[in-house]
Amino acid sequence: MIPVITIDGPSGAGKGTISQRVAESLGWHMLDSGSLYRLTALAATLDDIGLDNENALTPLAARLDVVFEPSTRGLRILLRGKDVSEAIRAEEIGMKASKVAALPAVRAALLTRQRDFAQAPGLVADGRDMGTTVFPQAKLKVFMTASAEARAERRYKQLMEKGISASLPALVADLKARDEQDSNRSVSPLKPASDAIFLDTTTMGIDEVTERVLAEARKIYR
Ligand code: C5P
């Protein structure tokens with residue numbers, strides 16, 4: 001069986017950065033499952049499909065025309081041939097993604113696509129339900145959190161570095177609203193798998209968290 005490490009947790013906990021570092025260090029593949037929900041939300045917006053229209057959103061999610069392409073600046077994501085790597089990261093698309101992610105048929109439509117990412121020599125999968133639903137057989141599951149304020153501050157810094165202005169209180173409010181929506185939905189809500197290792201990264205740096213996950217991985221996959 002292909003080895004899988006799952007990294008779940010709320011928005012902005014650092015899952016993306018850590019998953020990337022861990023995958024690079026091990027030479028494994030990476031799945032950013034949130035990008036699939038973001039792409040579905042973006043495609044729905046382009047096609048003028050309502051975010052509660054499960055009948056129309058399900059085939060849209062199942063047939064997403066998307067290419068993940070490695071580039072020198074990280075992964076390039078093409079939707080219908082157009083580079084949307086930046087566009088899908090907008091806060092607005094994050095909120096929309098959280099809405100479409102609450103629809104059971106949309107989640108089911110994306111399940112096989114996510115499982116297909118498990119390829120040799122291994123996969124690091126980042127999301128909300130990687131350890132509970134998509135890869136329940138994973139031998140290493142991490143649930144990563146940080147306080148809402150710390151998560152919003154990290155996001156604020158990222159946006160500033162890109163020259164995008166933002167309001168910190170608005171970011172805190174957005175994160176809390178998205179966590180609430182993700183935690184309270186009926187299918188695959190955001191919750192730690194019973195066998196997950198819990199990591200609160202509020203006061204931890206990127207290197208420290210990466211090293212901690214790699215240390216756990218070494219115990220299992222030596
Ligand atoms: O991780 P990211 O912020 O990119 O995810 C965007 C949204 O997609 C989340 O707020 C969540 O609603 C949804 N999502 C999910 N299950 C996953 C990954 C993301 O429901 N495995």
Applying side-chain hydrogen bond (donor to acceptor under 3.5 Å, both in side chains), name anything that partners Arg89, two or more places apart in sequence or on another chain. Asp32
Calculate, to the nearest 0.5 Å, the distance between atoms CG and NZ belonging to Leu199 and Lys15 respectively. 13.0 Å
OG/Ser71 to CD/Glu69 distance, rounded to the nearest 0.5 angstrom? 7.5 Å
Hey, does the side chain of Ser33 reach the backbone of Asp126 with a donor-acceptor pair shorter than 3.5 angstrom? yes
Ile49 and side chain to side chain contact (heavy atoms under 4.5 Å, CB included): which partner among Asn55, Leu57, Thr40? Leu57
Taken in chain and number order and not counting sequence neighbours, the residues that satisfy salt bridge (Lys or Arg N to Asp or Glu O under 4.0 Å) with Asp195 are Lys141
Taking the side chain from Thr202 and the backbone from Ser147, do they hold a donor-acceptor pair closer than 3.5 Å? yes
Note: Lys191-Asp8 ion pair, threshold 4.0 Å (strictly below): no
Is the closest basic N to carboxylate O distance between Glu161 and Lys157 below 4.0 Å? no
Give the C-alpha distance, both sets of side-chain angles, the deciding distance and a yes or no for salt bridge (charged side-chain N to carboxylate O under 4.0 Å, His left out) between Arg212 and Glu216. CA-CA 6 Å; Arg212 178 71 210 286; Glu216 295 295 336; 3.1 Å; yes
What distance do Leu190 atom CG and Ser183 atom OG have between them, rounded to the nearest 0.5 Å? 4.5 Å
With a 4.5 Å heavy-atom cut-off, do Arg21 and Val209 have their side chains touching? no
Would you mind reporting whether Ser167 and Tyr156 have side-chain heavy atoms less than 4.5 Å apart? no
Any salt bridge between Arg218 and Glu211, counting N to O under 4.0 Å? yes
Under a 4.0 Å N-O cut-off, is there an ion pair linking Arg155 with Asp174? no
Considering non-hydrogen atoms only, spot the tightest contact between Asp182 and Ser98 and give its length. OD1-OG, 2.8 Å
Side chain of Asn53, backbone of Ala56: donor and acceptor closer than 3.5 Å? yes
What do the steps show when you test Glu149 against Lys176 for salt bridge (charged side-chain N to carboxylate O under 4.0 Å, His left out), and what is the final call? CA-CA 10 Å; Glu149 288 69 21; Lys176 285 187 174 165; 3.7 Å; yes
Please find out if less than 6.0 Å separates the ring center of Trp28 from that of Phe117. no
Would you say Arg107 and Tyr37 make side-chain contact, with heavy atoms under 4.5 Å? yes
To the nearest 0.5 Å, what is the distance between CZ on Arg38 and NZ on Lys96? 12.5 Å
Heavy atoms, side chains only, cut-off 4.5 Å: are Arg113 and Val66 in contact? yes
Backbone of Ser85 reached by a side-chain donor or acceptor of Asp83 within 3.5 Å: yes
Do Thr201 and Arg154 touch side chain to side chain, with heavy atoms closer than 4.5 Å? yes
Close side-chain approach of Arg128 and Arg185, heavy atoms under 4.5 Å: yes
For residues Met30 and Glu24, determine if any side-chain heavy atom of one lies less than 4.5 Å from a side-chain heavy atom of the other. no
Could you check if a side-chain atom of Val142 sits within less than 4.5 angstrom of a side-chain atom of Phe198, using non-hydrogen atoms only? no
